[in-house]
Structures are given as C-alpha cells and as structure tokens.
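This report concerns only the one structure given below.
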Amino acid sequence: GSTTSRTVIASGGLASSGLGIVGSDGVVWRGFVDEAATSTAPTTAAPLTAEPVLSSVRWLSNETGQFCSEPISVADAPEGEFQCGQYGCLKAVTVPLWECEQTCVALVQWGCRHISWGGQETAERYCYVLRRCASKIPLPRYTTLELEVTFEGAGRRLQSDE
C-alpha cells in the first residue's frame, strides 16, 4: 500500500501570513486569503468584454407619410432628455433631420434602430427614437427611417472550451 502524508498548518499563522487559508477539512489553499480577516470592502469583478465597437451605419429606408410606433416605458428610456410613452421616445427639443439621425446613432448601444421625424413643416421637427418599428401609422407630415449598424468583428464566434 501507499501512504499519503499531508502537513496541517495552523490556520491562524497561514492566513495572517497572506500565503493562503486552511479549509475545515485541513486542506491548505495556497494563494487564497481569508477575506473576512483581511478586508470588509466588496470586490468588483472587471468586465469580461468591452462594448462592441461600431464599424458602420447606414439608413436603409426613408418612408415619407409614415410614423413608427413602439411603446417604451420610462424605465426603458435612453439616457438624455426624452419623453417616452406609447409612441416611442420623443427628444425634448425639435431638431433638423440630420440631428435626429445622429441622436439615434448615438443611442445604438441602447438599441436605437428607427426614427420618426416630423410635425410642423419647418427645418426643425419632432424626433422620435425607437428600438423597433412595432407598427406604422400613416401620418403625412412624418418620415420614418431604419438604421442598419455593423460592429467590428461582427460574425466572428468565440471558440468553446468543449
């Protein structure tokens, strides 16, 4: 038969040395420290991946006379000055079309993929941002646009450890 020997070190000395801890079964865990004995501050794990990097944007459609609608709750609202409700999120101020488009592009990480821009026939109009176009309502003074986005590395998959 084979004989197995193990050394049991008093847990107080090992933990206070910073070399490891001794489990209740007498196993020495090197490199681990009893956190209760050393720190009460919570630890925060670093994020595993960064946000995807936007590679390109393209406006796919321009439907005049249509208004996209998507109910968005206040809790789901994007950051910034928006009034959200039954028809999407309305920007707090009227803007030109190019600024409405740029607002959606800036909200890509939130999920913005559609805008409805219109109202009074002036250079600056109401701008609604939406993640999806749940339904379209015919409104002659509105234009609906859909945003296509591509991220760097899109389509690549990480290999599994299996």
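Bear in mind the structure is a predicted one, so any value in this text is a computation, not a measurement.
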Evaluate K91 against T103 for side-chain contact (heavy atoms from CB on, under 4.5 Å), listing each step before the verdict. CA-CA 9 Å; K91 194 166 173 70; T103 299; 3.6 Å; yes
When rounded to the nearest 0.5 angstrom, what is the spacing between CG in L139 and OG in S69? 10.0 Å
Nearest 0.5 Å, please: how far is CZ in R58 from OG1 in T150? 8.0 Å
Short side-chain to backbone donor-acceptor contact, [X] and [Y], under 3.5 Å:
X: W117; Y: V95; result: yes
X: E70; Y: Y87; result: no
X: T122; Y: E124; result: yes

Determine whether [X] and [Y] make a side-chain contact, defined as any pair of heavy atoms from C-beta on separated by less than 4.5 Å.
X: S116; Y: L130; answer: yes
X: L145; Y: E101; answer: yes
X: Q83; Y: C89; answer: no
X: H114; Y: R131; answer: no
X: I115; Y: T144; answer: no
X: T143; Y: L97; answer: no

Kindly give the heavy-atom pair with the smallest separation between C84 and S73, and that separation in Å. CB-O, 4.0 Å
Heavy-atom closest pair, residues A77 and I72: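 Scanning both residues, the minimum pair turns out to be N-CG2, 4.3 Å.
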Shared ILVMFWY cluster between V129 and Y126, side chains joined below 4.5 angstrom?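 No: no chain of side-chain contacts under 4.5 Å links V129 to Y126.
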W59 and Y128: same hydrophobic cluster, using ILVMFWY side-chain contacts below 4.5 Å? no
Should we say atom CD of E99 is surrounded by more than 12 heavy atoms from elsewhere, each under 6.0 Å from it? yes
Where do Q120 and R125 land on the side-chain contact (heavy atoms from CB on, under 4.5 Å) test, with the steps shown first? CA-CA 6 Å; Q120 297 296 324; R125 301 181 187 186; 6.0 Å; no
For a side-chain contact (heavy atoms from CB on, under 4.5 Å) check, start with the C-alpha distance between L60 and L147, then their side-chain angles and the critical distance, and finish with the verdict. CA-CA 6 Å; L60 294 179; L147 179 65; over 6 Å; no
Just jot down the ring-ring contact (aromatic ring centres under 6.0 Å, His included) partners of Y142, sequence neighbours excluded, or say none.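 Testing Y142 for ring-ring contact (aromatic ring centres under 6.0 Å, His included), a comparison that skips the adjacent residues, returns F67.
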Would you call R113 and E148 a salt bridge, using N to O less than 4.0 angstrom?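 Answer for the salt bridge query: no.
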Test F82 against L90 for side-chain contact (heavy atoms from CB on, under 4.5 Å), laying out the working first. CA-CA 5 Å; F82 295 91; L90 172 66; over 6 Å; no
